[in-house]
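The structure appears below as structure tokens.
It should be emphasised that the depicted structure is a prediction, and the values quoted were computed from it without experimental measurement.
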Amino acid sequence: MSKRRVVLLPGDGIGPEVVEAARRVVEASGPEIEWVPMEIGAIAYEKYGDALPADVLQEIRRCGVALKGPTTTPSGTGHASANVRLRKELGLFANIRPVKSVPGLDTPYGQTDLVIVRENTEDLYSGLENEIAPGVVTSIKVITEVASRRIAKFAFEYALRWGRKRVTAVHKANIMKKADGLFLECCRQESMPYEGRVSFDDILVDALAMKLVTKPSQFDVLLLENLYGDIVSDLAAGLIGGLGLAPGANYGPDCAVFEAIHGSAPDIAGKGIANPIAMILSGAMMCHHMGDVASYMRIRKSVRAITTEHREFLTPDLGGTGTTRSLADAIVREVERRRREPIENHA
């Protein structure tokens, strides 16, 4: 059987460290992969004057799948976000961020098991900003019927596929009556064919923030515009112990890019203490996407085993004394052990 070609994008900051950990775990779990390493982000910008070289986009389109590390985007000045450009260029309209409590890592918020479905191509991330007068800047929020319907349909289909029961649209339509109003109406209309199979409701984004930190278990699938999705997913990651535990995936019509939701954390880059679990779980999502459910299960079970039974390997952000390398080593060993066990149907 020929190997599946996957583009490997280490990124910058802690990216190369956590991506290497994820690559090792994915390989140990079983799939036959031919990795295609390429450069993106600050490193690519320094070398080529472009944070997202054209050949990277071409190779992702050719392979259809990429495993991507975080990239640094300068604040206020410098090059445009490689992340935003990547999603626009490849049409990666759906950003999926599962947020699930990790056994052994207790938090004050109780059990959390929800999925954030974030529209990935428009909203304030369209980058349409203008200085209309000295000291006066406008930033244009773009919401379209096409993108809103597309992400809503994706959310309901995702809920059906994964046995989820409810989709909640998140908005601020009481204030932004046209922009968020359009998004909400599109979600309502797209919910109709799923009536009786997946329930639908909606909530204001500020009310959601309060309810998430009081009782996150009341939510199932959250459907959000781009900016709200970015902010709420970081908040939700805090409910389970931090960004280092939250994986993510970006889906388009022809390809998918898998990445953790955390940033490049340049302040700890090269220190060997970055938590690779989010990146490793993103690799598990990639395996599932490629049809390898067995590898997906092995990785998820192995991570749970380490966080519950071998806490000494955890990185400092999780209260342990381990390193990026030692934690990856422990998960690799557990994955290899589990390759001899029968696989259950779901995580």
Side-chain angles (χ1 to χ4, degrees), residues 57 60-61 64-66 68 81 83-99 114-128 140-173 176-205 208 219-233 236 247-259 261 282 285-286 288-289:
L57 295 170
I60 297 174
R61 291 189 182 101
V65 181
K68 174 188 168 295
S81 168
N83 293 326
V84 173
R85 289 177 57 202
L86 183 72
R87 294 162 188 166
K88 286 184 177 180
E89 291 285 346
L90 297 177
L92 303 173
F93 67 91
N95 183 214
I96 306 302
R97 297 182 170 186
V99 181
L114 59 87
V115 176
I116 290 172
V117 178
R118 168 191 173 195
E119 202 288 321
N120 226 3
T121 64
E122 52 181 28
D123 192 11
L124 284 166
Y125 283 31
S126 297
L128 301 176
I140 300 174
K141 176 171 182 167
V142 178
I143 300 293
T144 66
E145 180 178 355
V146 169
S148 298
R149 285 185 175 276
R150 180 175 60 182
I151 194 62
K153 182 177 181 180
F154 186 97
F156 285 103
E157 288 294 324
Y158 181 95
L160 277 181
R161 188 164 61 251
W162 286 88
R164 296 277 175 169
K165 304 301 182 184
R166 180 165 60 106
V167 171
T168 301
V170 183
H171 60 91
K172 195 66 176 172
M176 286 169 278
K177 298 182 185 296
K178 290 187 177 295
D180 284 28
L182 174 60
F183 175 79
L184 177 57
E185 182 57 27
C186 289
C187 294
R188 285 173 175 161
Q189 292 180 15
E190 289 299 320
S191 74
M192 293 177 183
Y194 301 90
E195 188 173 354
R197 297 180 293 168
V198 180
S199 63
F200 171 73
D201 60 0
D202 66 274
I203 189 171
L204 295 174
V205 65
L208 171 70
F219 296 105
D220 194 355
V221 176
L222 297 176
L223 170 57
L224 306 98
E225 299 167 15
N226 205 342
L227 179 61
Y228 301 152
D230 196 5
I231 296 170
V232 169
S233 60
N250 304 282
Y251 297 97
D254 304 311
C255 51
V257 176
F258 297 84
E259 61 180 339
I261 77 172
S282 299
M285 293 176 70
M286 182 187 75
H288 195 286
H289 172 74

| said: Distance check, rounded to the nearest 0.5 Å: Glu119 atom CD versus Ile143 atom CD1? | reply: 7.0 Å
| request: Compare all side-chain heavy atoms of Phe258 with those of Pro247 and state whether any distance is below 4.5 angstrom. | output: no
| query | So do the side chains of Cys186 and Glu145 get within less than 4.5 Å of each other, counting heavy atoms only? | reply | yes
| message | Please evaluate residues Cys255 and Leu92 with respect to the criterion side chain to side chain contact (heavy atoms under 4.5 Å, CB included), reporting the C-alpha separation (whole Å), side-chain torsions for both, the decisive distance (0.1 Å), and the verdict. | response | CA-CA 8 Å; Cys255 51; Leu92 303 173; 4.1 Å; yes
| request: Measure the shortest side-chain to side-chain distance between Asp230 and Tyr125 over non-hydrogen atoms and say whether it is less than 4.5 angstrom. | output: yes
| About how many Å separate OG of Ser148 and CG of Asp123, when rounded to the nearest 0.5 Å? | 9.5 Å
| message | Run Ile203 and Phe219 through side chain to side chain contact (heavy atoms under 4.5 Å, CB included) and show every step you take. | response | CA-CA 11 Å; Ile203 189 171; Phe219 296 105; 4.0 Å; yes
| message | Quick one, Ile96 with Val117, criterion side chain to side chain contact (heavy atoms under 4.5 Å, CB included). Give me CA distance, side-chain angles, the key distance, then yes/no. | response | CA-CA 5 Å; Ile96 306 302; Val117 178; 3.8 Å; yes
| field | Side chain proximity check, Leu86 to Leu57, heavy atoms < 4.5 angstrom | value | yes
| Quick one: are Glu157 and Tyr194 in side-chain contact, heavy atoms under 4.5 Å? | yes
| Would you call Asp220 and Lys165 a salt bridge, taking side-chain N to carboxylate O under 4.0 Å as the test? | no
| message | Quick check: closest heavy atoms across Phe156 and Ser199, and the distance to 0.1 Å? | response | CE2-O, 4.3 Å
| request: Keeping the roles fixed (side chain from Asn250, backbone from Val257), state whether a donor-acceptor pair exists under 3.5 Å. | output: yes
| message | Tell me whether Lys88 at atom NZ has more than 12 heavy atoms from other residues, nucleotides or ligands lying less than 6.0 Å away. | response | yes
| field | Val167 vs Tyr158 side-chain heavy atoms within contact, under 4.5 Å | value | no
| query | Does some side-chain heavy atom of Lys172 sit less than 4.5 Å from a side-chain heavy atom of Tyr228? | reply | yes
| said: Donor-acceptor check, side chain of Arg118 to backbone of Asn226, threshold 3.5 angstrom: yes or no? | reply: yes
| message | Among Ile151, Leu184, Thr168, Val170, exactly one meets side-chain contact (heavy atoms from CB on, under 4.5 Å) together with Leu223. Which residue is that? | response | Ile151
| field | Side chain proximity check, His171 to Cys187, heavy atoms < 4.5 angstrom | value | no
| task | Show your working on side chain to side chain contact (heavy atoms under 4.5 Å, CB included) between Val205 and Glu225 and close with a plain yes or no. | result | CA-CA 10 Å; Val205 65; Glu225 299 167 15; over 6 Å; no
